[in-house]
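See structure below.
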Amino acid sequence: MSAHVVVIDATAKRATIKTTPAKYLTDILQEACSKLGYNSSQYGLKHNRKQLDLSLTFRLSGLSSGAKLELVQASRSPSVVTVGLQLPESEAQGAPNGRIQDKFPSTTTLWLILRKFEAGVAGNGQVRNLTARGVPSTIDGDCGSGRLFYESPVLRILDRELSSFTDLQKSLAQLGFNNGSVLMRVGFKRTEEPLEEAMVKIAEYFKSTGDDTPVPSQTQTPPVPAIEETTAASEQEFASEPNVPNSVPIAAAPELPTSTRSVTVFSPPSGDTPFSAQAPYNEEDYIPSIEHATAHQRQLNQSSRPHRLPTDAEIAAKAAAEEQRRADIREVDVKIRFPDQSQVVAKFGPSDTGQSLYDFVRSCLVPTYAEVKFALNAFASAAPARAGHANVIPENQTLLIKGLKLEGRVLVSFTWADNASSATHQQRTDILRSELRSQAQEIKVEQLPEPVQEPSKATAEAGPSGSADASKVGSRKSGGVPKWLKLPGKK
C-alpha cells in the first residue's frame, strides 16, 4: 500500500498526493499546487505549524503516511544561497580542489548559474565552457570525416540528477534551497544530436519559455566564441537576476531620459521595515475627540437636507470652468514606482500622452527589459475608475492632463504584464539603467515634532487652589436644597 499525504490550502481545499520515502517535498508541493490551481513557486509547506525544508525527501522529513500538510504563502523576496560547483577534471584548471562558488538569489535557475560560472561573472573569474560543449565522433572508428555532437551538462545535487532543459530551468527555490549552501557536481553526457542542431533547439526552447538568455553558438574547441562575447557583455547581461529576456541589443537601447527632461531618482529603502512602522504607538491618537464628533454630526446634518439639482446652464458653466482650469495646467509631476521600490520623478506637459509616458519609462529600464511588456497604474481621480483607485494608463495618444485628468502629483505603479516570464515578475533588483542608479538618492522623511501637551481648561482655571475648592465642594452638607430650586420669597 503506497503512502500518501493530504495538502490543505487556506480555503480548506484538499489534495491527496501519493508519495514514496524517496520522493522530495518539492515534488509533493508541485503536484499539490497543480491539483489546487496554484503556482508552486509562490508557496511552501508547513507541518504542525513548522516550515518544512523542501530540499528533503519524504523519509528524511520524518512525515508519516496520511500526514496533513498546510499550503502557505512563501516569501516574495528572494533569499541568498551559496552555490558550490564541483568541476570535472577537464574544467577544473585554476580552481582550488576543482571547486568554485558564489552567491545567488534563490530565484536563479540552474541554467543561468552555469552560464554565470562559465562566463566568469561568478566564481573565480575564469572563462569555461559548460553549456556549449561538442565532442567529435567519426563514422568508421578513428578514420573518416568527424562531426561534433552536443555534450549536455548534467548536475547532481544530493542524490538527484538534473540534465534535461526543463530540469535546468528550475530555480534554487523550486528545488527547496531557500537559504544556506548547496553543492552541485557538474558532469557531461554525450548525445546523438549534432552540435549545431542542439544549439538551435536550445535557443528555440528558451525563447518559447520566455527566457532569451543567449545560448553559446557552435564551437569546435573550448573556449567557445559565444563565451567570449558573453564575457564582454557580462555586465549588462548577467548583472540582474535569472531568466531576464534579452531581445534588445545594447546598441539599440533608447536614449537616456535625462537628455529630454529633468529626472529625479530615489533609491530603494535600505531596510525592510517601513518608516511609518517605526513611529511610536500612541493609543490616544485613535480616540475621537469632541471636535471629531461635532464635525461628523455636521456632515450628517448636511447630507440629510434636501439639495436642489443644478440646472443645465449651471452644469455647462461648471464643465467649462473645469475645462479652462485643466487648460491652465502647464505640468504635472509623475512619480513612477518600480518593483524594486526605486522611484523616478519627472515632469510632463499638456502635449504628453500615454505613449510618451510609456516610452519614458521604457527608457529608464535596463536594455534587457526594454521590450518586456508592462502596465502603468495611476492612483488619481480619473475616469472611468473611482477616485482613489488604480487606473490603468493606456499606451496610446490620449493626453495625460486633458484626457486622463492627471494633475498635481501623481503616483504611477509599474507592474509587469501577465504574459511576462515568472523570473521577470520575481525580479527585485537592478531594474533601472546603471546611469540612473548611480545618481539615485535616498528619500528623506522629515520627522514630525513631538506634540506639546497643553493643560486642560479646567485644570488651568483651577490653578493652585483647585484642590482647596474641590474640598469645599466635597464638604457641602448633604440634603440641602440648591439655591436655584428654592421658591420665590424663601431664603
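Every heavy atom of this structure was used, including side-chain atoms; hydrogens, water molecules and symmetry mates were not.
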Could you check Glu395 against Lys373 for salt bridge (charged side-chain N to carboxylate O under 4.0 Å, His left out), going step by step and ending with a plain yes or no? CA-CA 11 Å; Glu395 190 175 0; Lys373 292 185 178 180; over 6 Å; no
Any donor-acceptor pair under 3.5 Å linking the side chain of His4 with the backbone of Thr19? no
Are more than 12 heavy atoms, taken from residues, nucleotides or ligands other than Gln73, located less than 6.0 Å from that residue's CD atom? yes
Who are the ring pair (Phe, Tyr, Trp, His ring centres under 6.0 Å) partners of Phe414, not counting sequence neighbours? Phe338, Phe374, Trp416
Measuring from Leu436:CG to Ser267:OG, what's the distance to the nearest 0.5 Å? 12.5 Å
Using the test side chain to side chain donor-acceptor pair (under 3.5 Å), find all partners of Thr57 that sit at least two apart in sequence or belong to another chain. none
Distance in Å, Thr16 OG1 paired with Ile8 CD1, rounded so as to fall on 0.5 Å steps: 9.5 Å
CD1 on Ile336 to SG on Cys364, rounded to 0.5 Å: 6.5 Å
Show every side chain to side chain donor-acceptor pair (under 3.5 Å) that has at least one partner inside residues 343-354, sequence neighbours left out. Asp333-Lys347, Lys335-Gln343
Could you pull out all residues at least two apart from Asn97 that satisfy side chain to side chain donor-acceptor pair (under 3.5 Å)? none
Any idea which heavy atoms bring Leu183 and Leu85 closest together, and the distance? CD1-N, 4.5 Å
Tightest non-hydrogen contact, residues Lys13 and Asp9, listed as N-OD1, 2.6 Å
Decide yes or no for Asn178 and Val81: does some side-chain heavy atom of the first lie under 4.5 Å from some side-chain heavy atom of the second? no
Which heavy atom of Ala92 sits nearest to which heavy atom of Gly98, and what is that distance? CB-CA, 3.8 Å
For Glu323, is the CD atom crowded, meaning more than 12 foreign heavy atoms sit under 6.0 Å from it? no
Heavy atoms from other residues, nucleotides or ligands near CG of Asn419 exceed 12 (cutoff 6.0 Å): yes
Check side chain to side chain donor-acceptor pair (under 3.5 Å) between Glu151 and all other residues, then give those that pass, not counting sequence neighbours. Arg133
Value rounded to 0.5 Å, distance of CG in Leu148 from CD in Glu193: 13.0 Å
For Phe188, ring pair (Phe, Tyr, Trp, His ring centres under 6.0 Å) partners two or more places apart: none
Where Ala119 and Val127 come nearest, the two heavy atoms and their spacing: O-CG2, 4.1 Å
Using the side-chain contact (heavy atoms from CB on, under 4.5 Å) definition, which of the options Leu56, Leu54, Leu45 pairs with Thr26? Leu54
Whether over 12 other heavy atoms sit under 6.0 Å from Arg409 CZ: no
Point-to-point distance, once rounded to the nearest 0.5 Å, from CD1 of Ile401 to CD1 of Ile329: 6.0 Å
Would you mind reporting whether Arg437 and Val366 have side-chain heavy atoms less than 4.5 Å apart? yes
Not counting sequence neighbours, list each pair that qualifies as a salt bridge (charged side-chain N to carboxylate O under 4.0 Å, His left out) and has a residue in residues 31-40. Lys23-Glu31
Worked verdict on Glu322 versus Arg325 for salt bridge (charged side-chain N to carboxylate O under 4.0 Å, His left out): CA-CA 5 Å; Glu322 176 66 18; Arg325 186 183 69 84; 2.8 Å; yes
Can you sort out the partners of Tyr150 under ring pair (Phe, Tyr, Trp, His ring centres under 6.0 Å), two or more places apart, ordered by chain and number? none
Check: Asn48 side chain, Lys50 main-chain N or O, donor-acceptor pair, under 3.5 Å: no
Within 6.0 Å of CD in Gln441, more than 12 heavy atoms from elsewhere: yes
Arg99 meets the salt bridge (charged side-chain N to carboxylate O under 4.0 Å, His left out) criterion, sequence neighbours left out, with none
Is it true that the NZ or CZ of Arg128 lies under 6.0 Å from the centre of Phe117's six-membered ring and within 45 degrees of the ring axis? no
List the residues meeting salt bridge (charged side-chain N to carboxylate O under 4.0 Å, His left out) with Glu197, not counting sequence neighbours, and say none if there are none. none
If you define the side chain from C-beta out and look only at heavy atoms, does anything of Trp111 sit under 4.5 Å from Arg115? yes
Mind checking what makes side chain to side chain donor-acceptor pair (under 3.5 Å) contact with Tyr358, not counting sequence neighbours? none
When rounded to the nearest 0.5 Å, the distance separating CG of Leu71 from SG of Cys33 is 5.0 Å
Any donor-acceptor pair under 3.5 Å linking the side chain of Glu118 with the backbone of Leu130? yes
4.5 Å side-chain heavy-atom contact, Thr108 and Val83: no
By ring pair (Phe, Tyr, Trp, His ring centres under 6.0 Å), which residues pair with Tyr38, not counting sequence neighbours? Tyr43
Return yes if some donor-acceptor pair links the side-chain N/O of Ser79 with the main-chain N/O of Ser106 below 3.5 Å, else return no. no
